[in-house]
Each structure stands twice: as structure tokens, then as C-alpha cells.
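What you are looking at is a predicted structure, and each value in this text was computed from that prediction instead of being measured. Lettering of chains follows the sequences in order, A, B, ..., and the numbering in each one begins at 1.
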Protein chains: 2
Amino acid sequence: MELLPKTPGLALYAQVREALRAQIENGELKPGQQLPPEPDLATQFGISRMTVRRGIAALINEGLLYRRRGIGTFVTQFHIERDHNKLSSFFETSQELGADATIQFLEREIVPAEQEIAEALKVAFHEPLVHIRTLRLVGDVPVALHDEYIPHKLCPELMDEEIIDQHSWEVLDKHGYAIKLAIQKNHARGATTEVAELLEMEEGSPLLFKHRTIFAEDGTPVVFMVCHNRGDMYSLKMKLVR
Amino acid sequence: MELLPKTPGLALYAQVREALRAQIENGELKPGQQLPPEPDLATQFGISRMTVRRGIAALINEGLLYRRRGIGTFVTQFHIERDHNKLSSFFETSQELGADATIQFLEREIVPAEQEIAEALKVAFHEPLVHIRTLRLVGDVPVALHDEYIPHKLCPELMDEEIIDQHSWEVLDKHGYAIKLAIQKNHARGATTEVAELLEMEEGSPLLFKHRTIFAEDGTPVVFMVCHNRGDMYSLKMKLVR
DNA sequence: GAGTGGTCTAGACCACCCG
DNA sequence: GGGTGGTCTAGACCACTCG
């Protein structure tokens, strides 16, 4: 029951994680079933208990296992899908879905920061921002309108190069701003005349309206985004934890 | 620099976590500042390095710190708010906000499971469900309409007692179904005649429409919920992680 | 009381990043 | 190089849950 044969370059706790995941996925460990006690697993795997615990903790985090103190560790009855609340670019998401997604550039300009955006990006009022407006289409149908605002001082190159959404993140990466997380606010709204025209829907039709601030690893806000999604074409999935 | 004076009943790693959090909050550790190396912290605190690391890991998880391999551990520039994507009852949320929230019961009955709900709850088609319809108000204004569906076999008591939303969770708790997480799907939609009337808005006005499946610790789906929120009264905040 | 997970130690060696 | 975090050990004792 040694698991080392696989990927000797991988950390032991990660090998434990993958070994247990495999046992769950192939049915060796069934829903509701109790795992062997941690000391036993440590012996079986030939590693220390702390390392076993770390592997188990990862799977608990993913929702495949749960622990009850004094009782044991068990496989969850139904495994909810992983990777919710993941921040990913439009392309990353669309490619997973297999849809033929395209991005159409409508505008790129430098604008002074409005009050709301300045606050979100922690920059001065009227500070120059790069504004990029894009339309997202699936097939021929426009599904979303994006307005991104990035402080010009963070990334002057954004005005020079051929940029698509994914690339702006990469450019920021190169400047030492690794994109880490975002805070997003979602509303339901009726489409304004301008938005209705761009998204080819009737004025007042319901759309999902989002404000998003994207932060780098060190906590610096690097992008403010306003997004209009067609209500009939788009839904937003999320995981909530108690 | 010992931190044990506080709460001797608390785990050491939690004391480390709180000690560091306090230093960040009171400005001893400033945004962007590097923490002492882990071995130094271990010596200062008089505990082992592994325990220090666990305390730090908790704060990284909260977004107050970040680590760079080979470089050091640092305080993030701006701390995003904690506790996003938390599953909480209407009362818990409203009480935090200080609003005078009330719940009005509209209906409680037993209904056979429709296909969609049966799939979400992993029960048979037409299996008896407890259906509870409630209206949520802030002041005199109705802001949300909730329809909860709970398998009757999980909780027959739901038909007997005086139940409010929070209580249904508690009843489930007592039956061994500790509520753990939820998967939610959000849409923008126009109000139907029925919903518009209940929420005192015009037919077709935009509303945030949510489907939510709530799971217990062991992965069992225990509640399916459909929720209509007034678009002009409600927004949904979430955190996305890359 | 027996069995389980929760915490903690005091080291060790490695991998990475910088000047 | 020297400094940092990343991983891992082989124990130990405690706290909780159950019959």
C-alpha cells in the first residue's frame, strides 16, 4: 500500500491526497465509508501521521471527506463540484464549456477616475485609468459587456499592445502584480438604452449587473470592472460555506 | 514577547493567529511590512516553528498575510473584508446589518417533488417534501420571496412546529444534519405576475432569482430553495479566488 | 475504557531567491 | 553564499465520543 511509485517529485502529503482521491473516485472508498484511523494510514503509507493529516485536510477542503472528532474520518455522501468561486478569465471559462467564445474590442482609452472607481482602486480622484470596453460573444450572440479600469501607472503598456482580457492579466503579472482574488457585487437591473443596443436586447430587459474589484497577491487593487450580462443567457454559480 | 497570557484554553496556533492579527490591526505590523522569519517567531513565542506556521497559514487564508517562497512573509497592502461567501440565515445577515428584518409565513404544505427538485435533493420523483413559502421584509418593504423544499422524511417535525427559517436549520441539526454549505445559481429575471404582486413591484421588473441547494456536513442535500429578490433592493456580494 | 481525531514538539533537510 | 519558506519525522499528550 505504498504510494510512492507515483510522481516521486510530488510532496508526500500531495501524494496522500491523490491516493485517497483515487480510492474515492474508483469506489474503493464508498460514500459514507469510514477511513482507517490516521495512525494506521501513516503506517500503511510508511509516512508520519502529520503528513497524512495534511493530505486529508486538503480533501476535506475540497468537500470529499469530513471529520468528526472522536469518531473518525468519512467520505461525504455526495461530492459537490469543485472549483466554485474561482476567478478565471472569460476565455478560461468558455474553453472549459467548449463554447466558441469571442471577444470584440469596442474601445480603449485613458479616462480620469470617477469617485467610485478611485475608491475601489485606492487611487486619487481623476487619476488616469486605462479603460477597455469589450463585448463577449458566444457564437454570434452578445452575452456580456465588460468595462475594465486599470490604473495607468501600474501598466502603461496596456495602451500600446494588442490586448485581450487574458493578456491584461498577464501584463499585470509581469509587472509584479500576480492576480489573486476579486470581490464582486451582483445586482439585477433593467438594461439602459445603450447597453440594450450593444447586447441586442430590449430596453428594460433584466440583466445581471456586476461590479468587480480584482486584487493582486499583496492586496493591491489592480482592476475595477463593470459587467453587464444578458439575464436570459447567463447565470452565476457560487458556493457558500457556513 | 510571550503570548500565552491570553486565553490559556485556546490552542497555541490560534493564539499565534490572534497575536499577529492584533499586531496588524493596531499597526505594529504595517501593510507591506515583512514579518520576522518563522524560526525567530518560534523563539519569540516560545513554541515550535510548525505551530507558528499554522497560525500564519490561517491569516494567509483570511487575506491578511501572504508568503513568497525564499523571500518572506508580508502583510497585505489592503485587507479585503472577511467572511464573504458565508452561508447564513436571513436573520443572521439582517441582524449584522442592523435592519429591522421580519419574516412573514405565507404557506406550509406537503408537495410531491418535481423533477428538478428531486434531482437536486437526490430523492425520488414525487417524494413528499415540506414546502415553506415566506416573505422577507425590511421595515414594511418586501425584499425577497423564499420557497424552501425539505424532504419530509428528514424532518417530519417541520409540519408540526412553529418554524422560521433559522429554526428549520436547527431542527435539521438535531436530526444529525448539520448544515455545512450551499451551491447557488443566480439569474436576472423579470418578475412574473404572481411574484410581482407579492414583492409589490411591476410585472417584468428585474429581480435576482436564485436556486440554492443546501448540504449537510456529510454531503447530504437537505434543503432546496428558490428565492426571488427585488433587483432594486438587493445585491449579492461574493469573493472569487484564482 | 477503548478508539478516534486535535495539538504540539525539536529537530532535520530541501528548494527557492537574492546579491 | 546566506536567508527564507516548504516539507517531513517520530514521537507525545490531550479532548472528545461512544458503549
Side-chain angles (χ1 to χ4, degrees), chain A residues 2-4 6-20 29 32-61 64-76 173-174 176 178 180 217-218, chain B residues 2-4 6-20 29 32-61 64-76 173-178 180 217-218:
Chain A
E2 302 292 319
L3 47 70
L4 308 185
K6 290 193 179 184
T7 54
L10 201 59
L12 286 178
Y13 76 87
Q15 293 182 44
V16 172
R17 191 217 314 137
E18 295 312 319
L20 292 175
L29 288 169
Q33 187 177 337
Q34 181 171 7
L35 268 66
E38 293 171 355
D40 292 15
L41 282 173
T43 308
Q44 282 176 32
F45 287 147
I47 60 178
S48 79
R49 188 183 153 211
M50 284 295 273
T51 306
V52 170
R53 279 180 64 74
R54 199 165 160 191
I56 290 175
L59 293 177
I60 290 174
N61 208 276
L64 264 61
L65 298 178
Y66 67 101
R67 269 201 276 236
R68 289 221 188 148
R69 181 179 189 140
I71 310 288
T73 305
F74 304 84
V75 182
T76 50
D173 250 334
K174 285 175 199 154
K180 180 63 188 300
E217 185 184 44
D218 70 350
Chain B
E2 302 291 319
L3 47 69
L4 308 184
K6 290 193 179 185
T7 54
L10 201 60
L12 287 177
Y13 76 86
Q15 293 182 44
V16 172
R17 191 215 315 136
E18 295 313 317
L20 291 176
L29 286 169
Q33 187 178 337
Q34 181 171 7
L35 268 66
E38 294 171 354
D40 292 14
L41 282 173
T43 307
Q44 283 176 32
F45 287 146
I47 61 180
S48 79
R49 186 182 154 211
M50 283 297 272
T51 305
V52 170
R53 278 180 65 75
R54 199 166 161 190
I56 290 175
L59 293 178
I60 289 173
N61 208 276
L64 264 62
L65 298 178
Y66 67 101
R67 270 202 276 236
R68 290 224 187 148
R69 183 179 189 139
I71 309 287
T73 305
F74 304 83
V75 182
T76 49
D173 249 334
K174 286 176 197 153
H175 284 247
Y177 297 105
K180 181 62 189 300
E217 186 185 43
D218 71 349

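A pairwise comparison of heavy atoms in A:R67 and A:I60 identifies NE-CD1, 3.5 Å as the closest pair. Closest of all the heavy-atom pairs between A:S48 and A:A42 is C-CB, 3.9 Å. Of all heavy-atom pairs between A:A19 and A:F45, the closest is CB-CZ, 4.5 Å.
Of the residues B:L35, B:L64, B:L65, the one that meets the side-chain contact (heavy atoms from CB on, under 4.5 Å) test with B:L29 is B:L35. When each of B:L41, B:V52, B:T43 is paired with B:P36, the side-chain contact (heavy atoms from CB on, under 4.5 Å) condition holds for B:L41 and for no other.
Rounded to whole angstrom, the span from the OH atom of B:Y13 across to the P atom of C:dG5 amounts to 16 Å. Separating the CD atom of B:E38 from the C1' atom of C:dC16 is a distance of 14 Å, rounded to the nearest angstrom. Atom P of nucleotide C:dG5 and atom CG of A:L65 are separated by 11 Å, given to the nearest angstrom. In this structure, the CZ atom of B:F74 is 11 Å from the C1' atom of C:dC17, given to the nearest Å. Rounded to whole angstrom, the span from the CZ atom of B:R67 across to the C1' atom of C:dA15 amounts to 15 Å. Note: CZ (B:F45) to P (C:dC8) measures 13 Å, nearest angstrom. When the P atom of D:dT4 is taken as reference, atom CD of B:Q33 falls 14 Å away, rounded to whole Å. In this structure, A:I60 atom CD1 and C:dT4 atom P are separated by 16 Å, rounded to whole Å.
Residues A:Q34 and A:R68 fail the side-chain proximity criterion, which asks for heavy atoms closer than 4.5 Å.
Rounded to 10 degrees, the angle separating the terminal helix axes of the helix from C:dG1-D:dC18 to C:dC18-D:dG1, each built from five base pairs, is 20°.
Within the 4.0 angstrom heavy-atom criterion, base atoms lie near A:R53.
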Check your understanding: Base, backbone or nothing for each nucleotide of nucleotides 9-19 of chain D, written B, S, -, heavy atoms under 4.0 angstrom, 5' to 3'?
Key -> BB-B--SBSS-

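Between the B:Q15 side chain and the B:L10 main chain, a donor and an acceptor come within less than 3.5 Å of each other. Side chain of B:E38 to backbone of B:T73: no donor-acceptor contact under 3.5 angstrom is found.
For D:dG5, one of the phosphate oxygens OP1 or OP2 lies less than 4.0 angstrom from a side-chain nitrogen or oxygen of B:T73. Side-chain nitrogen and oxygen atoms of B:R54 include at least one within less than 4.0 Å of the OP1 or OP2 phosphate oxygen of C:dT7.
We find the CG-NE2 distance between B:D173 and B:H175 to be 10.5 Å, quoted to the nearest 0.5 Å.
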